[in-house]
Asker: 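Dropping the structure in here first, questions after.
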Amino acid sequence: MDDKPETTANSAGNDNAEKAPENWTTGDEAMTGAQASYLQTLCEEAGVEFDDSLSKAEASERIDALQNETGRGDNG
């Protein structure tokens with residue numbers, strides 16, 4: 001397994017390291033207000049229960065999964 005973070009190019013063409021949520025130093029903190037709001041919207045659209053106890057990392061992973069499920073994800 002490669003331990004290097006995935007990189008993506010931003011709009012300026014620079015490469016930015018993108019860490020997996022489980023590697024975030026603040027990933028175990030409570031999800032942000034923005035994450036909670038968006039996650040609640042996605043849960044409603046997907047017809048699943050919203051869990052307000054998720055950490056930042058867990059919320060990020062759940063958002064990714066629900067974006068794919070609801071068709072809101074960036075499939076670019």
Asker: Mind checking the CZ-CG spacing from Arg72 to Leu42? Nearest 0.5 Å is all I need.
Answerer: 5.5 Å
Asker: Working to the nearest 0.5 Å, report the span between CD of Gln67 and CD of Glu45.
Answerer: 10.5 Å
Asker: For side-chain contact (heavy atoms from CB on, under 4.5 Å), just list the numbers for Tyr38 and Met31, CA-CA rounded to whole Å, side-chain angles, deciding distance to a tenth of an Å, and then say yes or no.
Answerer: CA-CA 11 Å; Tyr38 186 48; Met31 72 177 121; over 6 Å; no
Asker: With sequence neighbours excluded, tell me which residues meet side-chain hydrogen bond (donor to acceptor under 3.5 Å, both in side chains) with Glu61.
Answerer: none
Asker: At their closest point, which heavy atom of Phe50 faces which heavy atom of Cys43, and how far apart are they?
Answerer: CA-SG, 3.8 Å
Asker: Taking side-chain hydrogen bond (donor to acceptor under 3.5 Å, both in side chains) as the definition, give me every residue that meets it alongside Ser55, ordered by chain and number, with sequence neighbours left out.
Answerer: Glu58
Asker: Applying side-chain contact (heavy atoms from CB on, under 4.5 Å), can you list everything that pairs with Ala65, at least two apart in sequence or on another chain?
Answerer: none
Asker: Test of understanding: with side-chain hydrogen bond (donor to acceptor under 3.5 Å, both in side chains), list the residues that count as partners of Glu29, not counting sequence neighbours.
Answerer: Lys56
Asker: Going by the rule side-chain contact (heavy atoms from CB on, under 4.5 Å), which residues pair with Ser37 if we only count those two or more places apart in sequence or in a different chain?
Answerer: none
Asker: Check Ser60 against Gln35 and note the closest heavy-atom contact, atom names and distance.
Answerer: N-NE2, 3.7 Å
Asker: For Asp64, give me all partners under side-chain hydrogen bond (donor to acceptor under 3.5 Å, both in side chains), at least two apart in sequence or on another chain.
Answerer: none
